Every structure is written in C-alpha cells, then in structure tokens.
Amino acid sequence: MRNEGRTRKKLSEGQKRDVSIAAWLKWAEPIAYGYLKLTPDQLGRLNLFDFETMLIAYKKAEESRRWETAYWMYWLVNMQSRNKISVKTLMEPFLPKKTRAEIIGERQSFFKNFEQQRKESEKCQQ
C-alpha cells in the first residue's frame, strides 16, 4: 500500500526521481490537511511511518463507510425495483481493480486447492 495515490511517471533515460522531503510534502500536505484534518503543527510532529499508518486507517474507514452506504442503498433500491441488485454491484465503482498478477495467482491457488481436494477424495474412495 506504500505510495498509493501517487501517479508513477516513467522516467526517460538520465532522469532521476525526486525523493526529497519537499516532494513528499507536496504530495502529503493535501492529504494531511484535507482527508486527515491535521494542522501544520500536527503534520510537522508526525514521522513518515505514522503518517502512512494514519492514511491506511483513513482509507479503511472510508471503505467501511462506503460499504455501509451501499448496504442501505441496496434496501432502498430493491424495495422499489423488479430488477434486484446486490450490494457488491453498488460498490463496484469504488473497489480496486485486480491486477493481472492477482487474477493469475487466484486462479493458480484455486486449481491447487481443487487438485488437493480431488486427491483426498480419491484416497477416501479407495
């Protein structure tokens, strides 16, 4: 989850990424003063790890709030509609998209688990 929200730019050959405190503050200040509602003094007293921990906690709380809102919308919409929708359908725009590597990993895990269960059932049938 490190560096979430930052856009990664491809650097052309010979360019260096700006990793200074000034560049980090330029990225962190809008988050700290906006989402986290910190004052400049509070931001100055935080270390980088505490800030990142607060940001992760904020994102989890925000996701939880969105799930709750989707739950209540589910009941409101389904009471008045013939076409029923799920809470997950309402949350779809807010959920992170799975990467290709995650999809492949889940598929491999599924088939590995399936193969183990098949072998166990063959042992039981013998």
Side-chain angles (χ1 to χ4, degrees):
M1 294 197 86
R2 214 172 265 275
N3 297 333
E4 279 189 10
R6 289 194 214 186
T7 55
R8 296 231 176 227
K9 295 179 184 175
K10 288 192 175 186
L11 300 175
S12 58
E13 206 169 309
Q15 283 184 317
K16 293 182 181 179
R17 186 172 303 280
D18 187 6
V19 291
S20 66
I21 289 294
W24 181 84
L25 274 174
K26 184 178 179 183
W27 169 80
E29 282 180 335
I31 296 167
Y33 303 147
Y35 297 129
L36 301 178
K37 296 177 178 54
L38 297 174
T39 63
D41 185 47
Q42 290 170 328
L43 178 62
R45 285 187 274 138
L46 281 177
N47 65 38
L48 301 177
F49 299 108
D50 290 342
F51 179 81
E52 185 173 0
T53 302
M54 288 180 73
L55 182 58
I56 291 168
Y58 169 79
K59 287 180 179 182
K60 286 182 179 180
E62 184 66 18
E63 184 179 355
S64 177
R65 186 192 61 77
R66 286 182 175 164
W67 275 104
E68 182 181 357
T69 302
Y71 170 80
W72 293 112
M73 286 303 300
Y74 160 82
W75 285 106
L76 290 171
V77 170
N78 283 338
M79 281 192 315
Q80 301 176 20
S81 175
R82 289 182 189 194
N83 300 331
K84 304 299 181 194
I85 61 170
S86 67
V87 175
K88 187 166 179 149
T89 303
L90 291 169
M91 276 297 291
E92 223 168 75
F94 302 106
L95 297 175
K97 305 288 185 248
K98 290 183 182 178
T99 64
R100 183 172 174 82
E102 289 173 331
I103 294 170
I104 291 171
E106 285 178 2
R107 175 181 279 167
Q108 289 173 345
S109 174
F110 171 80
F111 285 118
K112 182 179 177 182
N113 187 23
F114 181 79
E115 188 64 27
Q116 286 175 346
Q117 289 178 2
R118 186 184 64 80
K119 287 178 182 178
E120 288 176 11
S121 67
E122 285 178 355
K123 286 180 184 177
C124 291
Q125 291 176 359
Q126 290 177 355

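What you are looking at is a predicted structure, and each value in this text was computed from that prediction instead of being measured.
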Please assess E52 against L48 for the test side chain to side chain contact (heavy atoms under 4.5 Å, CB included), listing each intermediate value before the final yes or no.
CA-CA 6 Å; E52 185 173 0; L48 301 177; over 6 Å; no
Non-hydrogen side-chain atoms of [X] and [Y] separated by less than 4.5 Å:
{"X": "R107", "Y": "F111", "value": "yes"}
{"X": "L43", "Y": "L36", "value": "no"}
{"X": "I56", "Y": "K60", "value": "yes"}

Which atom of [X] lies closest to which atom of [Y], heavy atoms considered:
{"X": "Q42", "Y": "T39", "value": "OE1-N, 2.8 Å"}
{"X": "F51", "Y": "A32", "value": "CE1-CB, 3.7 Å"}
{"X": "N83", "Y": "N78", "value": "O-OD1, 4.2 Å"}
{"X": "E102", "Y": "K97", "value": "OE1-O, 4.3 Å"}
{"X": "L25", "Y": "P30", "value": "O-CD, 4.4 Å"}

Between [atom1] of [X] and [atom2] of [Y], what distance do you get to the nearest 0.5 Å?
{"X": "E122", "Y": "K119", "atom1": "CD", "atom2": "NZ", "value": "8.5 Å"}
{"X": "K59", "Y": "I31", "atom1": "NZ", "atom2": "CD1", "value": "7.0 Å"}
{"X": "D50", "Y": "L55", "atom1": "CG", "atom2": "CG", "value": "12.5 Å"}
{"X": "S86", "Y": "E92", "atom1": "OG", "atom2": "CD", "value": "8.0 Å"}

Heavy-atom count check: over 12 atoms from other residues, nucleotides or ligands less than 6.0 Å from [X] [atom1]?
{"X": "Y58", "atom1": "OH", "answer": "yes"}
{"X": "K112", "atom1": "NZ", "answer": "no"}
{"X": "R118", "atom1": "CZ", "answer": "yes"}

Do R66 and E62 sit within salt-bridge range, that is, some charged N less than 4.0 Å from a carboxylate O?
yes
Do side-chain atoms of T53 reach the backbone of F49 as a donor and acceptor pair under 3.5 angstrom?
yes
N/O donor-acceptor pair under 3.5 Å between T69 side chain and R65 backbone
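Here the side-chain-to-backbone pair exists.
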Applying the 4.5 Å side-chain criterion to the ILVMFWY set and letting contacts propagate, would [X] and [Y] be lumped into a single cluster?
{"X": "Y33", "Y": "W27", "answer": "yes"}
{"X": "F110", "Y": "I103", "answer": "no"}
{"X": "I104", "Y": "F114", "answer": "no"}

Check the pair Y71, W67 against side-chain hydrogen bond (donor to acceptor under 3.5 Å, both in side chains), reporting the backbone distance first and the verdict last.
CA-CA 6 Å; Y71 170 80; W67 275 104; over 6 Å; no
